[in-house]
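Residue numbers run from 1 in the order of the sequence given. Reckoned from all heavy atoms, side chains included, excluding hydrogens, waters and symmetry mates.
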Amino acid sequence: MVQTARSAGTAPAAPAEPVGPATPATTGRLERGVGRALDGAVLLLATWTPVYHLCLLLRWGVGAAVVLEVLALAAVAVALQLTRGRRGGRAGPAPRAAVATVAVGPAGSGGPTAGADERPPGRRRARRRAPALVVALALAAAVLLAVRAPWPLVAALWLAAAAAGTATAVRALRRAARAGDEPAGYEPAGRAAQPSRSGVVVALVWAAALAVLAGATRWPNPDDLYYVNLSQWTAERGTFPLRDTIFSDEVFPMTSFPPVASYDGLLGTLAHLLGVPAASVAYLVVPSVATALSVLALWRLLRAWRTPLVAVALSLALVFLLWDGGPGYAAPGNLFLIRLWQGKVVLLCLLVPLLLVALLRHAERALATGRSARRDLAALAAGGTAAVGLSTTGIFLVPVLALGGVAPLLVARRWRAAAAGFVVASAYPLAAGAVTLAVGGRSADDFAERRLFRFDPSWFGHEIFRDGVYGLVGVVAVLLGALLVPSRAARVTTGVLALVVGVTFVPGVTRLAYDLVGLGPTLWRISWAVTVAALVGVLGARLAAGGRRWRLLLPAGVAAALVASGLPIWSSANGVSLDWPPRYERGLGSVVVAEDVIARAEPGDTVLLPEQDAITLTVLTTRVKTVAPRDYFLDQLRDVPGFRYEQRLLLVRFANGEVVFAPDSEVVAALDDLDVDQACLLFPEEGEPPYRTTRVVERAQLLLGAGFTPTQRVGRTSCYAR
């Protein structure tokens with residue numbers, strides 16, 4: 001017999017939010033609308049990804065891709081309708097016991113279970129000591145990270161806390177299984193879930209407000225030169241490239257290969273159909289839409305975890321993200337709305353929470369019924385496929401998420417359901433990884449030669465968690481997640497994922513991964529699996545649930561500390577500007593320079609620009625080529641015949657104002673051999689050493705002597721043409 005747990009000081013668990021193509025009508029219109037929007041986004045990305053890959057393989061263009069996508073969506077709609085009809089005609093699978101939903105007891109206890117009081121006193125004391133040990137280890141790791149203690153000590157304490165937390169969560173789940181309890185939060189088939197209207201209203205308000213803010217922010221990022229350039233090629237030409245589009249019209253090999261992510265092709269296809277530049281879709285539409293959906297996905301994850309006071313939890317999570325600005329490209333806040341036009345950031349903010357929800361529903365249902373449900377497996381397959389479409393990071397991130405998601409089933413010895421969940425979620429990512437290795441996949445960034453400090457976890461660990469209050473709160477939330485997340489199954493998943501992240505923090509692991517499979521420093525993205533902001537929200541909700549009259553003071557105090565110690569991500573001090581109406585995510589001056597150069601150029605021309613202007617031009621057009629938008633993009637093509645690597649590198653340094661160890665005659669020869677039609681130079685700012693101004697003046701005179709004439713000056717940039 002199962003007891004309903006209502007421990008003193010513990011708020012009742014929130015109702016379940018099912019995952020899948022349809023939600024019960026009883027969950028309310030607002031929640032149905034949110035669910036459909038999120039499921040629709042995943043479905044679009046999931047169906048587009050194989051369509052795009054098929055078109056790449058067969059060299060089909062936009063027209064064929066659109067037809068195939070329409071057919072795929074129609075097929076899914078028919079399948080969903082048939083499935084819905086079958087479900088309506090018969091009762092769902094009966095769980096192994098007709099029970100009420102079980103709320104959790106005190107943190108780490110898993111709730112009261114039958115016969116718990118009959119255990120020997122020593123074992124009961126050990127059960128009480130285990131959560132205390134986790135708390136002590138987590139606080140020690142957080143404090144040491146916050147004060148920048150030696151990293152090996154931080155990593156050791158992280159691993160110890162994560163292991164202890166996972167063990168505690170595993171024991172709680174096993175005790176529940178022995179007592180015959182359902183996993184916390186599972187809703188037997190046919191049992192209506194009550195909507196949390198206050199929570200969904202707060203989520204929608206946050207989503208709308210942050211969508212507006214996302215549209216108004218501008219934070220140029222150099223990664224766009226590759227991804228948006230691919231989209232622009234599709235927008236201009238209606239095809240999906242398999243060879244280089246940055247330096248040539250598919251003459252040279254592609255610097256990052258193969259182009260697995262389908263997201264760039266999707267944006268290019270939309271731009272092609274609308275007759276607008278790809279940058280207009282990527283910069284003016286996607287940030288607001290993706291931000292709104294990401295807020296709703298975060299809310300959905302908190303609901304699926306049975307988080308009490310979900311509106312409080314969501315608000316604290318968003319405060320954590322919004323004031324997490326400052327140095328550090330890997331910090332959760334800097335990977336939120338100010339970069340939510342990039343596929344990898346959409347993967348982090350939208351797909352990871354939804355995949356965790358899908359994995360949890362699969363685990364909870366299989367724990368209760370003993371088998372996997374088709375709709376849960378379909379949600380996992382769609383999520384895994386969509387993740388690969390957003391970024392190649394999905395190739396290694398999804399299997400890690402899947403491993404954590406099926407861990408509760410492994411604990412309960414539900415081997416078949418665990419294998420089904422892992423295989424279905426990971427099949428497309430693992431297949432994409434195998435194909436990438438088979439065709440000699442490569443990245444433009446040579447991790448073994450450039451910026452080697454990125455292999456050091458003491459560097460990227462602080463890039464993720466920073467130090468001070470943010471490091472303290474973030475690490476405590478992650479390492480206590482195995483105690484504080486209300487769902488028993490989700491506790492196990494959270495603990496396992498924190499443990500895996502801790503492995504990447506061990507010095508030498510990233511280098512070993514690079515030597516074995518080529519992942520290298522990119523392995524830091526495993527940290528995305530722990531959804532730091534969501535766990536901060538859970539921490540705040542549990543602090544609030546522990547009190548009575550003044551229960552909101554504790555999460556409010558945490559929020560105040562975050563605001564006081566943080567930096568708004570939209571702040572100019574964070575390198576972000578606010579513009580309304582929305583503008584392209586490039587510097588205004590560089591857009592003017594690039595547009596003027598494009599207007600003067602003929603298709604096929606080659607131009608020489610300083611780095612930021614070169615990136616902007618590469619984003620805006622594929623008809624005009626730059627000598628090189630970034631110097632390291634030259635490395636993969638170093639030995640390609642006709643590429644003229646040495647001359648390109650010489651001119652890049654010339655345009656960027658770097659020291660050039662070559663006579664003027666070699667610079668002129670490179671301008672002639674690469675047939676440079678226009679060139680721009682960046683003059684130093686006031687107050688810089690006089691020799692820098694002298695250097696640029698001398699280079700301007702060299703251009704004049706080589707037959708160039710001045711065309712325009714925008715700010716510090718002067719351009720010449722011949």
Side-chain angles (χ1 to χ4, degrees), residues 36-37 40-56 59-74 77 211-212 214-218 220-221 223-241 245-246 249 259 261-294 337 339-343 345-346 350 386 389-391 579-586 588 591 594-595 598-599 603 615-624:
R36 287 170 180 168
V42 175
L43 182 62
L44 174 64
L45 293 167
T47 53
W48 171 257
T49 298
V51 164
Y52 167 79
H53 289 158
L54 180 63
C55 290
L56 273 183
R59 307 303 296 136
W60 291 349
V62 165
V66 171
V67 171
L68 290 174
E69 176 64 11
V70 170
L71 293 175
L73 290 174
V212 174
T217 59
R218 182 163 49 82
N221 190 274
D223 289 349
D224 294 357
L225 77 92
Y226 174 74
Y227 302 108
V228 184
N229 178 264
L230 285 181
S231 299
Q232 182 61 19
W233 177 278
T234 300
E236 288 178 338
R237 307 174 192 238
T239 62
F240 305 112
T245 60
I246 294 176
D249 291 343
S262 63
Y263 172 77
D264 310 304
L266 176 61
L267 297 192
T269 297
L270 293 174
H272 182 81
L273 296 176
L274 296 172
V276 299
S280 295
V281 177
Y283 294 148
L284 305 182
V285 177
V286 172
S288 295
V289 174
T291 297
L293 291 175
S294 296
L337 63 81
R339 282 186 69 182
L340 253 175
W341 67 89
Q342 296 181 340
V345 184
V346 179
L350 176 61
L390 285 169
S391 171
D579 296 302
W580 196 263
R583 302 176 185 270
Y584 286 176
E585 299 282 348
R586 301 298 308 157
L588 294 179
V591 171
E595 288 179 341
I598 293 170
I615 292 172
T616 301
L617 185 138
T618 303
V619 162
L620 296 182
T621 184
T622 63
R623 305 287 186 185
V624 179

Rounded at 0.5 Å granularity, tell me how far CD in Glu585 sits from CG in Asp224. 8.0 Å
Please name the pair of heavy atoms, one in Pro287 and one in Ala282, separated by the smallest distance, quoted to 0.1 Å. CD-O, 3.2 Å
Backbone of Ala211 reached by a side-chain donor or acceptor of Thr291 within 3.5 Å: no
Is it the case that the side chain of Arg586 and the backbone of Leu620 share a donor-acceptor pair, with hydrogens and angles ignored and the cut-off at 3.5 Å? no
Where is the tightest heavy-atom contact between Tyr52 and Ala261, given as atom of each residue plus distance? CE2-O, 3.6 Å
Side-chain donor-acceptor contacts of residues 262-278 below 3.5 Å, not counting sequence neighbours, with atom names and distances?
{"residue": "Ser262", "atom": "OG", "partner": "Thr49", "partner atom": "OG1", "Å": "3.0"}
{"residue": "Tyr263", "atom": "OH", "partner": "Trp341", "partner atom": "O", "Å": "2.7"}
{"residue": "Thr269", "atom": "OG1", "partner": "Gly265", "partner atom": "O", "Å": "2.8"}
{"residue": "His272", "atom": "ND1", "partner": "Ala235", "partner atom": "O", "Å": "3.0"}

So which heavy atom on Cys55 is nearest to which on Gly61, and how close? SG-O, 4.4 Å
List for me each residue that meets side-chain contact (heavy atoms from CB on, under 4.5 Å) alongside Ala290, sequence neighbours excluded, and say none if there are none. Val286, Leu340, Val346
Looking at Thr239, Thr245, Thr622, which one forms a side chain to side chain donor-acceptor pair (under 3.5 Å) with Trp233? Thr239
Output the distance between atom OH (Tyr584) and atom CG (Asp579), rounded to the nearest 0.5 Å. 14.0 Å
Do Gln342 and Asp223 pass the side-chain hydrogen bond (donor to acceptor under 3.5 Å, both in side chains) test, and can you show the C-alpha distance, the side-chain angles, and the key distance before you say yes or no? CA-CA 9 Å; Gln342 296 181 340; Asp223 289 349; 4.7 Å; no
For the side chain of Thr47 and the backbone of Leu44, is there at least one donor-acceptor N/O pair under 3.5 Å apart? yes
To the nearest 0.5 Å, what is the distance between CZ on Arg623 and CD on Gln232? 9.0 Å
Taking all heavy atoms of Thr616 and all of Ala594, pick out the closest pair and write down the distance. CG2-CB, 3.9 Å
Hey, is the main chain of Leu284 close enough, under 3.5 Å, to the side chain of Arg583 for a donor-acceptor pair? no
Stepwise side-chain contact (heavy atoms from CB on, under 4.5 Å) test for Tyr227 and Val619: CA-CA 8 Å; Tyr227 302 108; Val619 162; over 6 Å; no
In Å, rounded to the nearest 0.5 Å, how long is the span from OH of Tyr226 to OG of Ser231? 10.5 Å
Rounding to 0.5 Å, atoms CG (Leu45) and CG (Leu390) come to a distance of 5.0 Å
Closer than 3.5 angstrom, by distance alone: can the side chain of Glu69 be matched with the main-chain N or O of Trp48 as a donor-acceptor pair? yes
How far does CG of Leu73 sit from CG of Leu43, to the nearest 0.5 angstrom? 5.5 Å
Nearest heavy-atom pair of Ala46 and Ala386: which atoms, and what distance? N-CB, 3.8 Å
